[in-house]
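Each chain gets a letter, A, B and so on, in the order its sequence line appears, and its residues count up from 1. The figures that follow rest on heavy atoms only: side chains count, while hydrogens, waters and symmetry mates do not.
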Protein chains: 4
Amino acid sequence: MGKNPTKRLAILNSAEHVFAERGFHEATISDIAAGAKVSDATIYEYFPSKEALLFAIPAEYSLNFQEQNRYVLKYINGQANKLRAIVLRLLELYQDHPEYANVIIMILKTSRKFTETNEYDVIRQSAQLMRKIIEDGMASGEFRSDLNPAIVRSMMLGTIEHLVVRKAILGKPENLVEQADSVVSVLFNGVLEPPEESAIKINLTLQKKTRGQDGQAEIKDSE
Amino acid sequence: MGKNPTKRLAILNSAEHVFAERGFHEATISDIAAGAKVSDATIYEYFPSKEALLFAIPAEYSLNFQEQNRYVLKYINGQANKLRAIVLRLLELYQDHPEYANVIIMILKTSRKFTETNEYDVIRQSAQLMRKIIEDGMASGEFRSDLNPAIVRSMMLGTIEHLVVRKAILGKPENLVEQADSVVSVLFNGVLEPPEESAIKINLTLQKKTRGQDGQAEIKDSE
Amino acid sequence: MGKNPTKRLAILNSAEHVFAERGFHEATISDIAAGAKVSDATIYEYFPSKEALLFAIPAEYSLNFQEQNRYVLKYINGQANKLRAIVLRLLELYQDHPEYANVIIMILKTSRKFTETNEYDVIRQSAQLMRKIIEDGMASGEFRSDLNPAIVRSMMLGTIEHLVVRKAILGKPENLVEQADSVVSVLFNGVLEPPEESAIKINLTLQKKTRGQDGQAEIKDSE
Amino acid sequence: MGKNPTKRLAILNSAEHVFAERGFHEATISDIAAGAKVSDATIYEYFPSKEALLFAIPAEYSLNFQEQNRYVLKYINGQANKLRAIVLRLLELYQDHPEYANVIIMILKTSRKFTETNEYDVIRQSAQLMRKIIEDGMASGEFRSDLNPAIVRSMMLGTIEHLVVRKAILGKPENLVEQADSVVSVLFNGVLEPPEESAIKINLTLQKKTRGQDGQAEIKDSE
DNA sequence: GATGAATGAGGATTCATTCAT
DNA sequence: GATGAATGAATCCTCATTCAT
């Protein structure tokens with residue numbers, strides 16, 4: 001079993017690059033080996049199989065990512081702000097490491113097997129962190145108490161992943177991080193124009209004796 | 001060139017099944033042929049290649065889906081309700097056709113090539129429909145005017161896809177459709193507990209028998 | 001079994017074209033069928049197999065060629081002139097029908113099977129005709145009596161075929177027929193400069209004072 | 001990339017054998033691999049494709065053949081004798097290596113592609129050597145000065161190839177090399193019975209003390 | 001520890017050919 | 001007689017993986 005950590009990292013980096021470029025099946029061990037300037041056989045000194053090599057990629061990243069998250073979150077007050085921070089950090093991560101983004105999304109979407117892996121734990125922990133923040137926010141009254149935390153988390157991750165994939169395929173949102181606040185804004189406040197009704201309804205009620213009516217129809221179906 | 005539409009459909013169905021089960025690369029033409037009770041060679045009478053067969057799958061579905069969407073939406077009033085209907089319809093579609101769900105997500109996430117295909121048009125149109133609804137809602141004042149339609153759409157699709165993938169991989173949300181209103185609720189109103197004060201304050205202010213109305217503007221941007 | 005002779009000929013012509021263009025194995029029945037504006041299946045109404053179709057091509061040609069040869073040769077005097085005529089006729093044939101040339105040479109060189117075919121008879125007869133002319137020429141004293149007729153025939157056919165192949169591959173001798181007399185000249189007289197010394201020189205020396213002239217006739221047709 | 005020259009040679013030999021036996025298209029990589037006692041995949045370690053393997057065969061041979069030719073020819077005096085030596089050497093080569101003969105003829109006749117190959121160079125050089133000898137012979141007066149070198153070469157090669165093919169297909173001339181002198185004899189002197197008239201006849205006739213001169217002009221162009 | 005060389009296993013694709021209509 | 005449709009059979013080639021050195 002190979003022990004040289006530099007070589008191991010070179011292989012992982014090359015793998016990330018090649019997998020991202022061509023996808024898992026189109027990528028060949030030879031490509032990866034060439035990129036890492038080692039022989040094909042050497043790859044097998046460090047990783048037992050092509051698939052294991054793929055699965056090893058997120059571990060490296062996520063561990064780091066996770067730790068820094070914990071570090072950063074300590075200094076942030078309020079669950080909403082924490083959630084916002086996580087959205088930002090994820091978009092940053094994917095923006096700065098588009099090849100890693102491709103790999104992660106390929107893995108998560110393509111490989112059922114991955115979820116049965118130890119390597120998946122890091123991902124799982126990240127998800128649990130988000131869940132905890134949401135639950136804390138619900139408990140503290142910061143978030144609505146009728147939320148389904150799993151759904152909220154899916155919204156966050158799903159949205160981010162969708163944006164990342166769009167970027168990967170269409171190149172469209174040039175800068176992912178800049179989208180963060182749009183995302184957070186909708187996530188926090190929703191898309192609806194807030195119901196201005198209350199005030200106005202009461203007005204109407206109170207203004208008895210006015211003659212002119214107006215605008216009620218619209219007001220009513222403001223839901 | 002094979003022309004029998006029944007056989008063509010049998011092949012497509014079998015392909016959908018096998019692709020969903022094993023993924024594109026692990027699926028073999030022989031498997032698909034066996035599932036459709038035709039010979040391997042017959043597949044090639046109907047589709048020029050394995051990849052083309054994959055790409056042909058969404059076209060069949062989406063066309064139908066699209067049409068029915070248009071039909072249904074005609075009878076729905078308000079853009080918010082329309083958006084909710086689309087969320088529902090998508091979740092229904094993926095719930096009722098989990099194999100199609102797998103294929104669509106495999107394709108969309110995995111294959112850059114697919115986006116350059118004519119078959120991709122149906123997908124594109126669906127996205128444009130959503131965009132239009134969002135824009136209409138913004139114009140009518142139903143939705144906040146500061147929304148980024150592309151982001152909102154990404155949130156919807158991303159969330160739905162994330163849920164679908166979770167279900168495919170973890171089996172977790174037993175019933176996708178039941179999650180629809182949770183999703184819609186967050187999408188519409190956000191996760192934050194609304195600041196309950198306002199209403200009352202306004203009431204107080206307004207109850208003074210004033211004639212002129214004003215201040216709504218401020219209220220509006222209280223979001 | 002198909003009976004329409006026009007259609008049969010169309011198939012043969014298309015086959016000749018396609019075989020010549022792509023070679024036997026690269027040619028497909030579909031190509032040939034398309035060229036003949038019939039369906040693939042129709043080909044099998046007229047010919048039992050792809051190979052049989054190939055073998056059927058020379059028969060058509062050679063029969064014609066053979067007959068005309070016989071007709072022409074009747075009017076030619078002297079075996080040397082007859083041989084020359086055959087060289088010319090072959091070069092003409094291949095020049096005028098380059099696709100047939102390709103096919104014939106592919107067949108003769110590639111297919112051991114062809115020689116066991118009835119269709120090969122036409123070729124065989126042509127070879128025998130040449131052999132007969134050579135033998136007649138040897139008997140009549142026109143040709144050297146120590147020739148090996150098979151070798152001479154191989155020289156003629158081999159040379160011609162070599163030129164034809166060169167033309168097919170390199171395009172080189174623009175006009176094959178123009179080469180005929182060069183070929184014939186070498187075939188008849190060889191490449192060596194004849195030893196001019198002895199006879200004539202001596203003659204000149206010795207002829208001093210003779211009056212009578214003679215022998216020119218023989219000298220002239222020595223060319 | 002395989003580098004073992006022994007194995008490489010084993011593959012080439014097996015390929016030569018199998019190609020000669022079955023022809024290019026009927027030959028399978030599996031057959032060749034079995035003959036060389038390697039796996040199918042190993043073939044591709046040494047040659048990039050089946051076709052490349054075919055094309056690699058003549059290179060091996062021709063190089064050797066060429067070198068030995070040059071060596072032998074050095075010791076031969078006179079262009080006629082050199083030409084004769086080449087005919088002999090070619091017939092020997094094909095006689096001793098009938099499988100190579102088959103392959104070479106298959107390639108030359110079948111594959112237009114081959115002429116665009118680097119491997120074809122060896123063949124081309126061989127042809128140029130012959131051409132040079134012919135031209136030298138013409139210059140030195142050994143050969144007739146009105147020869148077309150390309151035609152003469154085509155006659156030599158064409159004849160030899162024709163004999164080889166006949167042997168391959170009909171098995172007919174048991175011994176090719178024995179035919180060499182028949183071929184050379186015709187090539188050098190042609191098939192025509194030389195006009196014996198001149199010298200002797202004239203001598204006898206002329207000795208009658210005649211004075212008139214005659215016929216010299218015609219005699220000269222009797223060549 | 002690193003690797004050059006060898007290979008087993010596997011799969012998409014092509015086409016000549018058949019046959020019911 | 002003609003053909004559209006279906007298919008059996010066959011093969012090149014790729015690549016992850018192994019292992020002796």
Side-chain angles (χ1 to χ4, degrees), chain A residues 1-4 7-8 11 24-33 36-53, chain B residues 1-4 7-8 11 24-33 36-53, chain C residues 1-4 7-8 11 24-33 36-53, chain D residues 1-4 7-8 11 24-33 36-53:
Chain A
M1 265 300 159
K3 285 278 169 83
N4 183 333
K7 209 163 269 189
R8 188 187 138 89
I11 294 171
F24 180 70
H25 276 98
E26 315 311 333
T28 70
I29 290 289
S30 290
D31 289 337
I32 296 170
K37 307 205 174 171
V38 298
S39 75
D40 289 26
T42 298
I43 302 242
Y44 288 87
E45 291 292 319
Y46 288 85
F47 302 93
S49 74
K50 188 187 177 186
E51 199 177 44
L53 173 54
Chain B
M1 266 297 162
K3 282 272 163 169
N4 184 334
K7 206 163 275 191
R8 188 187 137 89
I11 293 171
F24 179 70
H25 278 97
E26 316 310 334
T28 70
I29 291 289
S30 291
D31 289 337
I32 296 170
K37 307 206 175 171
V38 298
S39 75
D40 289 26
T42 297
I43 303 253
Y44 289 88
E45 290 290 318
Y46 289 85
F47 301 94
S49 73
K50 190 186 175 186
E51 199 178 44
L53 174 53
Chain C
M1 265 300 161
K3 285 279 169 82
N4 184 334
K7 207 163 271 192
R8 187 187 138 88
I11 294 171
F24 180 70
H25 277 97
E26 316 311 333
T28 70
I29 291 288
S30 290
D31 289 337
I32 296 170
K37 308 204 174 174
V38 298
S39 76
D40 289 25
T42 299
I43 302 242
Y44 288 87
E45 291 292 319
Y46 288 86
F47 302 93
S49 73
K50 188 186 177 187
E51 200 177 43
L53 173 54
Chain D
M1 264 299 161
K3 281 272 161 168
N4 185 332
K7 206 163 274 189
R8 187 187 139 90
I11 293 171
F24 179 69
H25 276 98
E26 315 310 334
T28 71
I29 290 290
S30 290
D31 289 337
I32 296 170
K37 307 208 173 167
V38 297
S39 75
D40 289 28
T42 298
I43 303 253
Y44 288 88
E45 289 290 317
Y46 289 86
F47 302 94
S49 73
K50 189 186 175 186
E51 199 178 43
L53 174 53

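With hydrogens and angles ignored, the 3.5 Å screen pairs no side-chain donor or acceptor of Tyr44(C) with any backbone N or O of Lys50(C).
Proximity note for Lys50(B) (side chain, C-beta onward) versus dA6(F), dA12(E), dT17(E): the nearest is dA12(E). The side chain of Glu45(B) lies closest to dT7(F) when the candidates are dT3(F), dT7(F), dC15(F). Comparing dT3(E), dA2(F), dT17(E) by their nearest atom to the side chain of Tyr46(C) picks out dA2(F). The side chain of Tyr44(D) sits closest to dC13(F) out of dT7(E), dC13(F), dT18(E). Here the side chain of Ala41(C) is nearest to one of dA16(E), dT18(E), dG8(F), namely dT18(E). Minimum atom distance to the side chain of Lys7(C) is reached by dA2(F), of the listed dA16(E), dA2(F), dT3(E).
Distance, His25(A) NE2 to dG10(E) P: 14 Å, rounded to whole Å. We find that CD1 of Ile43(C) is positioned 10 Å from P of dA16(E), with the value rounded to whole Å. Leu53(C) places its CG atom 10 Å from the P atom of dT17(E), with the value rounded to the nearest Å. In this structure, Asn4(B) atom CG and dC19(E) atom P are separated by 20 Å, rounded to whole Å. Computed from coordinates, the Phe47(D) CZ to dA6(E) P distance equals 12 Å when rounded to whole Å. Between the C1' atom of dA6(E) and the CZ atom of Arg8(D) lies a distance of 17 Å, rounded to the nearest Å. Counting to the nearest Å, the P atom of dG4(E) and the CD1 atom of Ile29(A) are 15 Å from each other. Atoms CD1 (Ile32(D)) and P (dT11(F)) sit 12 Å apart, rounded to a whole Å.
Base pairing analysis places dT21(F) opposite dA2(E); the two distances defining the Watson-Crick or G-U wobble pair are each below 3.5 Å. Across all strands shown, dT13(E) forms a Watson-Crick or G-U wobble pair, both distances under 3.5 Å, with dA10(F).
Mapping Pro48(D) and Asp40(B) onto DNA chain F by nearest heavy atom places Asp40(B) closer to the 5' end of the strand. Nearest-nucleotide assignment on DNA chain E puts the 5′-proximal partner with Lys37(A), out of Lys37(A) and Glu26(C).
Considering every non-hydrogen atom in both Ile32(D) and Ile11(D), the closest pair reads CG2-O, 4.0 Å. Taking both residues in full, the closest heavy atoms of Asp31(A) and Glu26(A) are given as OD2-O, 4.4 Å, listed atom of the first, atom of the second, then distance.
Phosphate contact (OP1/OP2 of dC15(F), side-chain N/O of Thr28(A), threshold under 4.0 Å): absent. At least one side-chain nitrogen or oxygen of Ser39(A) sits closer than 4.0 Å to the OP1 or OP2 atom of dT3(E).
Using a 4.0 Å heavy-atom cutoff across all strands shown, Ala27(B) reaches sugar-phosphate atoms only and no base atom.
Under the 4.5 Å side-chain criterion, counting only non-hydrogen atoms from C-beta, His25(D) is not in contact with Phe24(C).
Here the CD1 atom belonging to Ile43(B) is positioned 11.5 Å from the OG atom belonging to Ser49(B), to the nearest 0.5 angstrom.
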Exercise for the section: Starting from the C-alpha separation in whole Å, work towards a yes-or-no answer on side-chain contact (heavy atoms from CB on, under 4.5 Å) for Tyr46(A) and Val38(A). Expected result: CA-CA 11 Å; Tyr46(A) 288 85; Val38(A) 298; over 6 Å; no
